Amino acid sequence: LAALLPITAPSALSRSAFASSSSRSLLRMSGGVGFSSAEAVLPTRSDLTDPRVWLEDVEGEEALTWVKERNTHALSAIGQPEDNPLYSRLLDIMDSKEKIPYIGRVLNGLYYNFWQDEQHVRGIWRRCTLDEYRKDSPAWEVVLDLDKLGAEDGVSWVWGGSTILDEGPDVRKDRALIALSRGGADATIAREFDLDAKRFIPPEEGGFEVPECKSRFSYKSRDVLLVGGAFGEEEMTSSGYPKSVYEWQRGAPLTDAVKVYEGDKEDVSVGGYAYLDRGRRYEMRHRSVTFYTGIYELLRAGGFARVPIPEDADMTTFGDTLLVTLRSAWLGHKAGSLLAAPMDEFMEAADEDARRGLLRPLFEPTETRSLEGMTETKNYLILSILSDVVEEYEFHRYDAKEGRFLLERAAKGEMGASASVSAVNAQDGDAVWVISDGYLKPTALALSDASAPDDREPLKALTPFFDATGLQVQQHFAESADGTRVPYFLIAREDMPLDGSTPTLLYGYGGFEISLTPGYSANVGAAWLEKGYAYVQANIRGGGEYGPQWHQAALKEKRNKSYEDFEAVAADLIRRGVTSAPRLGCQGGSNGGLLTGNMLTRPSAGSTLFGAIVCQVPLLDMRRFHKLLAGASWMGEYGDPDTGDWSAFLQNYSPYHNLSPDGSYPPILFTTSTRDDRVHPGHARKTVRKMVDLGHPAFYYENMEGGHGGAADNKQRAFMSTLAYAFLEQVLVGSTRAS
């Protein structure tokens, strides 16, 4: 481990020189000059005229010319990632043969893995037996080679997953639908694949092939496919997802498929699916009315019937048992509870009083404990619980005679580490994969059984990809503006001087009830921690770390709570002497890009708290987000700009509208992808262009592939990661080109 460098804070002169030289360079390369000062400030909260809408034309010639100019500018200022030793280091990590080949499926006694490395850039789908998998170097059988397929088709295919035809435990699984996307987009094509012959089944031989679209599909039977999204714009919701479900008979043209279910245009999405669960066959339909509300319908003897649960609840099944997870209080049970009930009796119950008597709580939250997730094996329901963001597990065994779950054992994890448990094959037995890791603990994979989870057979383990000697993990709590305690993890050297001199990177997300939990990141370790710098992960409101209430505390008009929490963590790091504003950077992507965009424009953040910002695949224009790609689906999270929500609160956290000529903004790097068909690249494009028009420095790089993940293969991932870390180091350390 490199010794902590004797770093001093950059002088005001060096920071102002950086800003002025970057501004001049950016203005020279802004393209399409000619805005007056009055036009440059648009749009604002009060004047919504947008002179940069042309940048929303994703593949328009003028827009792409501008993108290429910005890319050239960023690389000339920050440096070519391939010339940075870090690029080779990160690529070696990503392509390493020492990575754990995780098993995605077990079919017909064979264990399937999807793998990418330097020889298999886009990846191979492969399989082997369990005995072979136990070996250090298994002899894999290649099932599908995406690089070879892409060369044959002349398309840059990216793996999108598989859907298996499951006709029961005694029937061989020989068919799958393979989803493929161009460059990593959300839109995919799906082709039926013969698992035995290891080839696609062409339509002329009766194979299903779903055209490129944002589709939903599921086998109803061997010869019937439930599919949505492949029938034109009229059959899509305003969010760009399927609005209807069709039954498609094998051998018939797609145009002959029959519509069997339909939602509303304003719904987020509609889907239909069929599956086997411990010998019971289910067919379900689901309308996602908003991102957090929906309606489930279950096929019964007399047809489809609505499952009588709250619209904001989620449901699944365990054999003949209904499992319900609550987002709001219901029938005497708290939000965040997990409830179980016998499915048939529950569906037949006459009223809510009768249903109340059938419900049994399996988990009830407290102020510090929340349900993070659950895993099913044949006989066990395994609950993952967070207690102040420290993991706990409960193993509930289903007693068929009594018709209920019995809590058999519980286990508590350690701070700064995590363990995930998943079924090897939930329909066949209780074997589980146990994956354990932590911020400083390389990932290890073991095989165990839900009946004796402490007895583990070690299978695979990462070699350390960075030197963690002298590093430690600490958990602290910052006090937000309203007094709320906000947890965060600090990973830094044990002997870190508390004099504000340590370059520190603060990461956050804070949305969609997604929890940020500890995990081993070789990239963070190699690019940042090994150099003596500090890394921080903030568990701000909007996430799921404390259950639905933690998420709902930052919805819509309360979004400012997420930003206040993040600012509180930043201020706490400075107060503790971990770092100082010129040495503190922040990073976030997608909804986290909206977070970091607000850290740019909020007067309480900006240069007051941060020396550099990395804003990745972001939402930034909150006036038009609902009109761009999948944006309409997120109105349940943010609000509806076409209503009073705009003036009431949305305008307050729309970074694009809050940029001003006299703002004090730290250096910022925006990254996105042309192929991102979830969050429109226009968000980042327009914001950067506005900053340039206002005379503020900004760096921008748009990958021409990659989808919402920002990269399509390991070379692109290493490129984008190196660019971000090089920018952060150059600005926060102030030692090289960008400073």
Side-chain angles (χ1 to χ4, degrees), residues 29 31 55-84 86-88 90-91 93-95 116 118 121-123 146-147 150 155-160 180-188 523 527 587-594 596-597 613-620 628-630 668-689 698-728 738:
M29 300 187 64
L55 285 167
E56 294 176 5
D57 185 0
V58 175
E59 295 186 336
E61 183 178 352
E62 186 178 7
L64 288 181
T65 297
W66 181 88
V67 165
K68 291 172 183 176
E69 291 175 351
R70 300 264 48 83
N71 286 357
T72 298
H73 169 264
L75 297 182
S76 64
I78 302 170
Q80 287 285 346
E82 297 99 325
D83 296 336
N84 189 323
L86 179 61
Y87 171 81
S88 298
L90 296 183
L91 185 58
I93 290 171
M94 295 176 191
D95 284 341
Q116 291 176 298
E118 70 276 11
V121 176
R122 291 305 165 99
L146 259 65
D147 295 276
V155 179
S156 180
W157 291 126
V158 174
W159 178 254
L180 303 167
S181 75
R182 298 174 190 270
D186 281 358
T188 64
N523 287 0
Q587 180 183 25
S590 192
N591 173 76
L594 177 60
T596 52
I613 297 174
V614 173
C615 183
Q616 299 165 307
V617 290
L619 286 86
L620 297 166
L628 301 173
L629 299 176
I668 184 167
L669 169 65
F670 296 87
T671 64
T672 187
S673 167
T674 310
R675 297 294 299 174
D676 189 345
D677 54 356
R678 192 180 312 171
V679 177
H680 199 291
H683 285 277
R685 291 177 179 182
K686 294 195 300 180
T687 301
V688 170
R689 176 61 192 254
F699 294 107
Y700 180 82
Y701 190 87
E702 181 174 318
N703 190 17
M704 306 305 278
E705 290 190 314
H708 190 51
D713 56 44
N714 288 343
K715 287 183 178 180
Q716 292 179 18
R717 294 182 188 104
F719 182 100
M720 299 300 286
S721 293
T722 301
L723 185 69
Y725 283 116
F727 166 78
L728 287 165

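Small disclaimer: the values here were computed from a predicted structure and weren't measured.
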Would you say that [X] contacts [Y] through its side chain, given a criterion of any heavy-atom pair below 4.5 Å between the two side chains?
X: Leu619; Y: Leu628; result: no
X: Pro618; Y: Leu594; result: no
X: Asn714; Y: Leu91; result: yes
X: Gln616; Y: Thr596; result: no

Next item on the list: Indicate, with yes or no, if the rings of Phe719 and Tyr701 have centres closer together than 6.0 Å.
Entry: yes

Just verifying a value: how many Å separate [X] [atom1] and [Y] [atom2], rounded to the nearest 0.5 Å?
X: Phe699; Y: Arg70; atom1: CZ; atom2: CZ; answer: 9.5 Å
X: Asn703; Y: Thr672; atom1: CG; atom2: OG1; answer: 9.0 Å
X: Tyr725; Y: Ile78; atom1: OH; atom2: CD1; answer: 14.5 Å
X: Thr722; Y: Leu90; atom1: OG1; atom2: CG; answer: 4.5 Å
X: Leu728; Y: Leu723; atom1: CG; atom2: CG; answer: 9.5 Å
X: Cys615; Y: Leu669; atom1: SG; atom2: CG; answer: 9.0 Å

Check: Can you check side chain to side chain contact (heavy atoms under 4.5 Å, CB included) on Met704 and Leu64, steps first, answer last?
Finding: CA-CA 10 Å; Met704 306 305 278; Leu64 288 181; 3.9 Å; yes

Heavy-atom pair with the smallest gap, counting every atom of [X] and [Y]:
X: Ala63; Y: Asp57; value: CB-O, 3.4 Å
X: Leu180; Y: Trp157; value: CB-CE3, 3.6 Å
X: Val679; Y: His683; value: CG1-CD2, 4.0 Å
X: Ser721; Y: Met94; value: OG-CE, 4.3 Å

Note to self: Determine whether a donor-acceptor pair (N or O, by modelled atom type, separation under 3.5 Å) exists between the side chain of Thr687 and the backbone of Ala684.
What the structure shows: no

Check: Can you check whether Val155's main-chain N or O pairs, donor with acceptor, with Arg182's side chain at less than 3.5 Å?
Finding: no

Item checked: Results of side-chain hydrogen bond (donor to acceptor under 3.5 Å, both in side chains) for Glu702 - residues two or more places apart only -> Thr674, Arg685, Tyr700

